[in-house]
Chemist: 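Have a look at this one before I ask anything.
Proteins get letters first, then strands, A, B, ... in listed order; numbering begins at 1 in each.
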Amino acid sequence: MIKALRGMKDLSFEDSSRFTYIIDIATDIAKKYGYSYIETPILEETKLFKRSVGESSDIVGKEMYQFIDKGGNDVCMRPEGTAGVVRAFIQDKLDRRQNEKFKFYYYGAMFRYERPQKGRLREFHQFGCESFGEDLVYEDFTIIQMVGDIFKSLGIDYRLEINSLGCSRCMPPYRENLINFLNGCRDELCQDCNRRIETNPIRVLDCKNEKCKSLLRESPKLIDNLCSSCSSDFNRLKELLDIANIEYSVNSNLVRGLDYYNKTAFEFVSSSIGSQSAIAGGGRYDKLVEFVSGKSTPAVGFALGVERIMELVKMPNRERDGYYMGVMNSSDIDKLFPLAHRKRKSSSVTIEYRAKKLKAHLKGADRINARYCVVIGEDEAKNGTVWVKDLEKSEESILKIDEF
RNA sequence: GUAGGCGUAGUUCAGUUGGUAGAGCACCUGUUUGUGGCACAGGUUGUCGCGGGUUCGAGCCCCGUCGCCUACCCCA
């Protein structure tokens, strides 16, 4: 038997309806916040991700689905959505239109070559939004509110964590500061952290190792060393969230795994889905457009992990819907096609082509969860009528075939 | 890449000390010649992941291999 590749899953029945339910709700809300759909390719030049996601990230370092195509190009299946959207934004020269705002939502498959586990697959799906051209912190707030709206609408409980990663003015001095601190306790930090001091010292803050964690309690906090602009934006953000009654906690160790974030970083977390607890994450990335050779453009965005949310979403009860049609004698089957075609203008219709006993038809209608079971038997064929049973109310009637 | 757990019917799983391959659910038929869900009765369903070894005999023991799951790392 040929099976799907490791870390790749088919979605059908219950799963696919959960999937589309989430996308539909997220799409609906994103549109209400003024976002329009953007579709970008799954395959991009590897360079794009190296430059945007960052060489120091694990995503680029070891998790890319990267290969040389038949034309000799170094290409990569996208590991996340933002890079492609930013590339499209620049390619369309939208970065030149400096006074305009552009808001895009997207969803689709992302690929990371890693060991699959609960809530983490090699092919997974994200829904995300990117807002370009707005540097005011109100947009950060609005995006967080939008994600909150989506989860609320899906009936999902979450915890919101926020942090500020500073900007090009306050981050570099802090970084030096932190490196000094880390070098001071180098011998006591774990191996990974020692490596991170060179590659990406900020990520040490995120270490799960208990020993590292306790050492880091004494570390300098970026939150106490923000420049005046970052500091006042962060305070403003907290005020806005308070006023909107959105609960949050400040997590000064929250650093996003991708290099391009600055200022606001946030993560929506759920405690009920195993160890992969982040269900959405995002923040501001004012420098990214420049990194990818565009004209400097402030931007904020987020992405949510569809598969992780599928485990949490409470689906509305599925109600009986549509028609099941069948005949008891095979010679009457032709009568059903025009009937079905007419009904399909407004309802879903399933025809059973094989002649069956009434009981079998009723069971068949039940199985597909149809609201109405429509059958032409001997009497109906003779009289030009159809027998219709409402399976919910358990009421039946006989109608002229033209009037049905 | 590392560690642990698991592979038996469509599915969820049991399978004793190594001795004829099992159950629930699902499915089909009937009770009901034209009335679903409920009940009862009967019935179908197997490369025991794959390959080798030990043995008179392996689902069970041994070796290898593949796959799945969970966790670490990291992330949505």
Chemist: Answer yes or no: is there an ion pair linking A/K356 with A/E352, defined by an N-O contact shorter than 4.0 Å?
Modeler: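 Salt bridge present between A/K356 and A/E352.
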Chemist: Within 45 degrees of the axis of the six-membered ring of A/F404 and under 6.0 Å from its centre: does A/K343 put its NZ or CZ there?
Modeler: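 Yes, a cation-pi geometry holds between A/K343 and A/F404.
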Chemist: So which nucleotide from B/G34, B/A76, B/G37 ends up closest to the side chain of A/K357?
Modeler: B/G34
Chemist: Could you tell me how far apart A/Y260 (OH) and B/A76 (C1') are, to the nearest whole angstrom?
Modeler: 11 Å
Chemist: Any base atoms under 4.0 Å from A/E114, or only sugar-phosphate, or nothing? Heavy atoms, all strands.
Modeler: base
Chemist: Pick the C1' atom in B/G51 and in B/G42, then give their distance to the nearest Å.
Modeler: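 My reading of the C1' atoms in B/G51 and B/G42 gives 41 Å.
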Chemist: Tell me the interatomic distance from A/F124, atom CZ, to B/C75, atom C1', rounded to whole angstroms.
Modeler: 8 Å
Chemist: Taking atom C1' in both B/U70 and B/A14, compute the distance separating them and give it to the nearest angstrom.
Modeler: 23 Å
Chemist: Check the distance between B/G34's P and A/D332's CG and give it to me in whole angstrom.
Modeler: 14 Å
Chemist: May I ask you to decide whether A/K238 forms a salt bridge with A/D242, counting only side-chain N to carboxylate O separations under 4.0 Å?
Modeler: no
Chemist: Starting at atom CD1 of A/I202, determine the distance to atom P of B/C75, rounded to an integer number of angstrom.
Modeler: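 In whole Å, B/C75 P and A/I202 CD1 are 13 Å from each other.
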Chemist: How many whole angstroms separate atom CD1 of A/I368 from atom C1' of B/A26?
Modeler: 18 Å
Chemist: Taking the minimum atom-to-atom distance to the side chain of A/K363, which one of B/G67, B/C27, B/G36 wins?
Modeler: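 Given the options B/G67, B/C27, B/G36, the side chain of A/K363 is closest to B/G36.
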Chemist: Rounded to whole angstrom, note down the P distance from B/G30 over to B/G49.
Modeler: 37 Å
Chemist: Using a 3.5 Å cut-off on both pairing distances, which stems of three or more Watson-Crick or G-U pairs include RNA chain B?
Modeler: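 Stems (3+ consecutive pairs) listed as B:1-7 with B:66-72, B:10-13 with B:22-25, B:27-31 with B:39-43, B:49-53 with B:61-65.
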Chemist: Regarding A/G364, tell me which of base, sugar-phosphate or nothing describes its non-hydrogen contacts under 4.0 Å with the strands shown.
Modeler: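 Nothing, no nucleic acid heavy atom in range.
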Chemist: How many Å lie between CG on A/L160 and P on B/A76, as a whole number?
Modeler: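 Taking atom P of B/A76 as the reference, CG of A/L160 is at 15 Å.
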Chemist: If the C1' atom of B/G5 is compared with that of B/A39, how far apart are they to the nearest Å?
Modeler: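 Per the computed distance, 41 Å lies between those C1' atoms.
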Chemist: Taking atom P of B/G67 as reference, at what distance in whole Å does atom CE of A/M8 sit?
Modeler: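 So the two atoms are 14 Å apart, to the nearest Å.
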Chemist: For a side chain to side chain contact (heavy atoms under 4.5 Å, CB included) check, start with the C-alpha distance between A/W387 and A/S397, then their side-chain angles and the critical distance, and finish with the verdict.
Modeler: CA-CA 6 Å; A/W387 177 87; A/S397 53; over 6 Å; no
Chemist: When the P atoms of B/C62 and B/C25 are compared, how many Å lie between them, rounded to an integer?
Modeler: 35 Å
Chemist: Taking 4.0 angstrom as the limit, do A/R284 and A/D140 come out as a salt bridge?
Modeler: yes
Chemist: Heavy atoms under 4.0 Å, any strand shown: does A/E307 hit a base, just sugar-phosphate, or nothing?
Modeler: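 Here A/E307 touches no strand at all.
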Chemist: When we call it a touch if two heavy atoms are under 4.0 Å apart, what does A/I279 touch: a base, just sugar-phosphate, or nothing?
Modeler: sugar-phosphate
Chemist: Does A/K118 make a side-chain N or O approach to OP1 or OP2 of B/C68 shorter than 4.0 Å?
Modeler: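 Result: no.
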Chemist: Before accepting this row, confirm whether a basic side-chain N of the pair A/E139/A/K103 lies closer than 4.0 Å to the acidic partner's carboxylate O.
Modeler: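 Salt bridge between A/E139 and A/K103, a charged N being under 4.0 Å from a carboxylate O: yes.
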Chemist: Please step through ring-ring contact (aromatic ring centres under 6.0 Å, His included) for the pair A/Y285 and A/Y260, ending with a clear verdict.
Modeler: CA-CA 6 Å; A/Y285 50 93; A/Y260 52 65; 5.6 Å; yes
Chemist: From C-beta outward on A/R120, which listed nucleotide comes closest to its side chain: B/U35, B/G34, B/C73?
Modeler: B/C73
Chemist: Do NZ/NE/NH1/NH2 and the carboxylate oxygens of A/K400 and A/E403 come within less than 4.0 Å?
Modeler: no
Chemist: Between A/D74 and A/K47, does any NZ, NE, NH1 or NH2 come within less than 4.0 Å of an OD or OE carboxylate oxygen?
Modeler: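 Salt bridge flag = no for A/D74 with A/K47.
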Chemist: If only side-chain N and O atoms of A/R115 are considered, is one of them under 4.0 Å from the OP1 or OP2 phosphate oxygen of B/G4?
Modeler: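 So the side chain of A/R115 is outside the cut-off, no N or O lying under 4.0 Å from OP1 or OP2 of B/G4.
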Chemist: Whole-Å distance between B/C28 C1' and A/H361 NE2?
Modeler: 17 Å
Chemist: What I want to find out is whether A/R320 reaches A/D366 closely enough, with some N-O distance under 4.0 Å, to be called a salt bridge.
Modeler: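 Result for this pair is yes, salt bridge flagged.
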Chemist: Which nucleotide in the set B/U32, B/A76, B/C68 lies at the smallest distance from any side-chain heavy atom of A/R6?
Modeler: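 Nearest nucleotide to the side chain: B/C68.
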Chemist: Under 4.0 Å, counting only non-hydrogen atoms across every strand here, what does A/K356 touch: a base, just sugar-phosphate, or nothing?
Modeler: nothing
Chemist: Classify A/E380 by what it touches in the nucleic acid, base, sugar-phosphate, or nothing, heavy-atom distance under 4.0 Å.
Modeler: base
Chemist: Which nucleotide in the set B/A76, B/G34, B/U35 lies at the smallest distance from any side-chain heavy atom of A/E378?
Modeler: B/G34
Chemist: Among B/G37, B/C27, B/C69, which is the nearest nucleotide to the side chain of A/D366?
Modeler: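 The answer is B/G37.
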Chemist: Looking at every strand, decide which applies to A/A365 at a 4.0 Å heavy-atom threshold: base, sugar-phosphate, or nothing.
Modeler: nothing
Chemist: If each of A/R320 and A/R367 is mapped to the nucleotide of RNA chain B with the nearest heavy atom, which maps nearer the 5' terminus, i.e. the 5' end?
Modeler: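 Its nearest nucleotide being more 5', the pick is A/R367.
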Chemist: Between the base of B/G34 and the ring of A/W387 - centre-to-centre under 5.5 Å, planes within under 30° - is that a stack?
Modeler: no
Chemist: Whether the side chain of A/K359 and the base of B/U35 hold a donor-acceptor pair under 3.5 Å is what I'd like checked.
Modeler: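 No.
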Chemist: Check whether any side-chain nitrogen or oxygen of A/Q117 sits under 4.0 Å from OP1 or OP2 of B/C72, and answer yes or no.
Modeler: yes
Chemist: P atom, B/C40 versus B/G24: distance in rounded Å?
Modeler: 12 Å
Chemist: Roughly how far apart, to the nearest Å, are B/A9 and B/G57 at atom C1'?
Modeler: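 Their C1' atoms lie roughly 25 Å apart.
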Chemist: Consider the side chain of A/R112, meaning its heavy atoms from C-beta on, and name the nucleotide among B/G67, B/G36, B/A76 that approaches it most closely.
Modeler: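 Nearest to the side-chain atoms of A/R112, counting from C-beta on, is B/A76.
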Chemist: Could you tell me how far B/G19 sits from B/C72 if I compare only their P atoms? Round to whole Å.
Modeler: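 It comes out at 40 Å once rounded to the nearest Å.
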